Amino acid sequence: MDLKRKLARLTGVGPGGKLASRVATLPEPSDEGRAPPGNVAERSAEANTFAPASPPPTVSAAPAPAHTGQAPGPDETSRHAVTPEPSAAASPQAPARPSDPRIESLRRMLADWSERQGQTAARRGPTQPRPPPGPLPVVAQETPHGTVHVSERLLPPDHHHGSAPVAGALDVEGALVARLALHEDLAGVDYQRMLFLDTETTGLAGGTGTVPFLVGLAWFEGRSLRVHQLFLRKLGEEAPMLRVLAERMARSSCIVTFNGKSFDWPLLRTRFVLNRVKAPAELPHLDLLHCARRVFKHRGAGTRLVHMEEQVLGLRRVDDVDGSLIPDLYFRYLRGGDGASLTPVLEHNANDLLLLAALLGELVRRFRAGDGTAVPLDEDPRDLLGFASVALRAGDHTRARAFAAAATKDSGTVGLEAHALASRLARMAGEPQAAADHLHQALQSARGFQAASLHLELTKLYEHSLKDLAAALRHARLSAAAELPEDHRRRIVRLEGRIDRSTRARALDLGARPPRPGP
């Protein structure tokens, strides 16, 4: 509560005053001896309420004039007026009311505060007038569905985003895209007509209260990329924008997004329903977030879009607006703020669209290198291991073995995991000795539970594939941390029993043979 309101409450001035029951006013020295304003009845009421008890007012004893049907004159009115006695509070001889120390303290605090405010204003100097709001970085376009506000640009075929050409997305093969995405429906898509999509919204929670105020689209015209951004100038004007989006989707073969399966497209589908606009037919959806998580998961730095941009394409944005601030910038604009302040938001959205195209081309180019040709030696072993895992899940074992073999050159944890994956692939290919060799190489850097797990794999491999029970038992005794105690005990007992039976059978076999003739 500020000082003025608190002072008013303590002095009883205004409703809810704490001292209103004791003090009617705080008279200034210049008001001393002056009759309070108001008529006689009001003054009597005030006296009876706030002042000490005083003798009742005297009334003139003159008889009332006879009723003549006319209004009484001023002399008659004055003869019958009530004459109040001076109250004790107004009397000079009345004792002075003691002042409240809280009121005096608040008055001093208010004076100090006012002085400080004046000093601050003097230091700041005269206030500069606020500049007028700047124009929006979009232009109005008339469409058959109404007016839409658009920002548009056309990028040449040689445009690069970081180290990757944007037009590289046109050189992808459907089969490789389907394996990267683990989605066979993407194999037959015409990637010359794909549509890149990214939205900026009023929040990240989703649901009916979240509005996509900027829908960024990009598509190829020849080998040039057209960036087409639809801006919502005012809430409630979504229908024309959504109809334009539906028309563009009807001319596309698929949509490419980053986390669009979980956020962008469900949100847009909800806006179609709420605005009573017919939603377009579902298109094959390539969500690059899922591909990036599988391939780059060993980097350990997250899979946000800006991380992919920095680590994969080598591009760091300068003066880029943080995504968490974008909703607030739009709300400020709606409240009459500067439209030009939204320029960084449109630039942020355009860069996201360019990144989608460049990242798609880069992922497919690097995945293509494992088709039997030599994998580039300058590839990051972490990414090679990621590509090997994706190829294995897609059933492309030849490509998976090529990437895993290249990743084994790492001497750390990545190399260990690559050897384990290469062993699994060799075992699936019917090469148990190669599988065992990879596991032995992995053991050189494994410790703790990882080492116990590798010993357990070697135990199974030697027992069932290589038929070396002694080696199986040796590794089984080192795998206790990788399985339950009871399972481990049963495995040891079984292997010891098999070795014992095999030894006795061999002895019996040797004893049943006839002795060799002498020389």
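Small disclaimer: the values here were computed from a predicted structure and weren't measured.
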Side chains of [X] and [Y], heavy atoms from C-beta outward: is any pair under 4.5 Å?
| X | Y | value |
| --- | --- | --- |
| Leu385 | Glu417 | yes |
| Lys278 | Arg243 | no |
| Met249 | Leu283 | yes |
| Phe272 | Pro280 | yes |
| Leu313 | His161 | yes |
| Leu289 | Phe263 | no |
| Val148 | Phe231 | no |

Mind checking salt bridge (Lys or Arg N to Asp or Glu O under 4.0 Å) for [X] and listing every partner two or more places apart, or none if nothing turns up?
| X | result |
| --- | --- |
| Asp352 | Arg317 |
| Arg271 | Glu238 |
| Glu362 | Arg365 |
| Arg223 | Asp171 |

Q) Under a 4.0 Å N-O cut-off, is there an ion pair linking Glu173 with Arg179? A)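 Between Arg179 and Glu173 there is no salt bridge, as every charged N stays at least 4.0 Å from the carboxylate O atoms.
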
(Q) My understanding is that only residues two or more places apart in sequence, or in another chain, count here; which of them pass side-chain hydrogen bond (donor to acceptor under 3.5 Å, both in side chains) with Arg294? (A) none

Q. Can you list every salt bridge (charged side-chain N to carboxylate O under 4.0 Å, His left out) pair that touches residues 137-164, not counting sequence neighbours?
A.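 Qualifying pairs, neighbours excluded: Glu152-Arg226, Arg153-Glu347.
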
Q: Just grab all the side chain to side chain donor-acceptor pair (under 3.5 Å) pairs involving residues 246-256, residues at least two apart or on different chains.
A: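 Only His145-Glu247 qualify under side chain to side chain donor-acceptor pair (under 3.5 Å).
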
Q. Among all residues two or more places apart in sequence or in another chain, which pass the side chain to side chain contact (heavy atoms under 4.5 Å, CB included) test with Pro165?
A.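 Residues passing side chain to side chain contact (heavy atoms under 4.5 Å, CB included) with Pro165: His160.
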
Q: Please name all residues satisfying side chain to side chain contact (heavy atoms under 4.5 Å, CB included) with Ala140, sequence neighbours left out, ordered by chain then number.
A: Thr147, His149

Q: Compute whether any side-chain donor of one residue and acceptor of the other, for Thr257 and Asp264, lie under 3.5 angstrom apart.
A: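 There is no such pair (donor and acceptor under 3.5 Å, judged by atom type) between the side chains of Thr257 and Asp264.
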
Q: Give a yes or no answer on whether the side chain of Ser224 reaches the backbone of Phe220 with a donor-acceptor pair at less than 3.5 Å.
A: no

**Q.** side-chain contact (heavy atoms from CB on, under 4.5 Å) assessment of Phe296 paired with Val312
**A.** CA-CA 9 Å; Phe296 303 115; Val312 180; 3.5 Å; yes

May I have the list of side-chain donor-acceptor pairs in residues 330-337 shorter than 3.5 Å, sequence neighbours left out?
| from | atom 1 | to | atom 2 | distance (Å) |
| --- | --- | --- | --- | --- |
| Tyr330 | OH | Leu232 | O | 2.8 |
| Arg332 | NE | Asp328 | OD2 | 3.0 |
| Arg332 | NH2 | Asp328 | OD2 | 3.2 |
| Tyr333 | OH | Arg233 | O | 3.3 |

Q. Tyr191 pairs by side-chain contact (heavy atoms from CB on, under 4.5 Å) with which of Val364, Val256, Val177, Leu170?
A. Val177

Q: Identify, with sequence neighbours excluded, every residue that meets ring pair (Phe, Tyr, Trp, His ring centres under 6.0 Å) alongside Trp219.
A: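 Partners of Trp219 under the ring pair (Phe, Tyr, Trp, His ring centres under 6.0 Å) test: His228.
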
(Q) My understanding is that only residues two or more places apart in sequence, or in another chain, count here; which of them pass ring pair (Phe, Tyr, Trp, His ring centres under 6.0 Å) with His348? (A) none

Q) Can you check side-chain contact (heavy atoms from CB on, under 4.5 Å) on Thr199 and Leu214, steps first, answer last? A) CA-CA 6 Å; Thr199 63; Leu214 182 63; over 6 Å; no

Q: Starting from the C-alpha separation in whole Å, work towards a yes-or-no answer on side-chain contact (heavy atoms from CB on, under 4.5 Å) for Leu286 and Leu360.
A: CA-CA 10 Å; Leu286 172 59; Leu360 173 59; 3.7 Å; yes

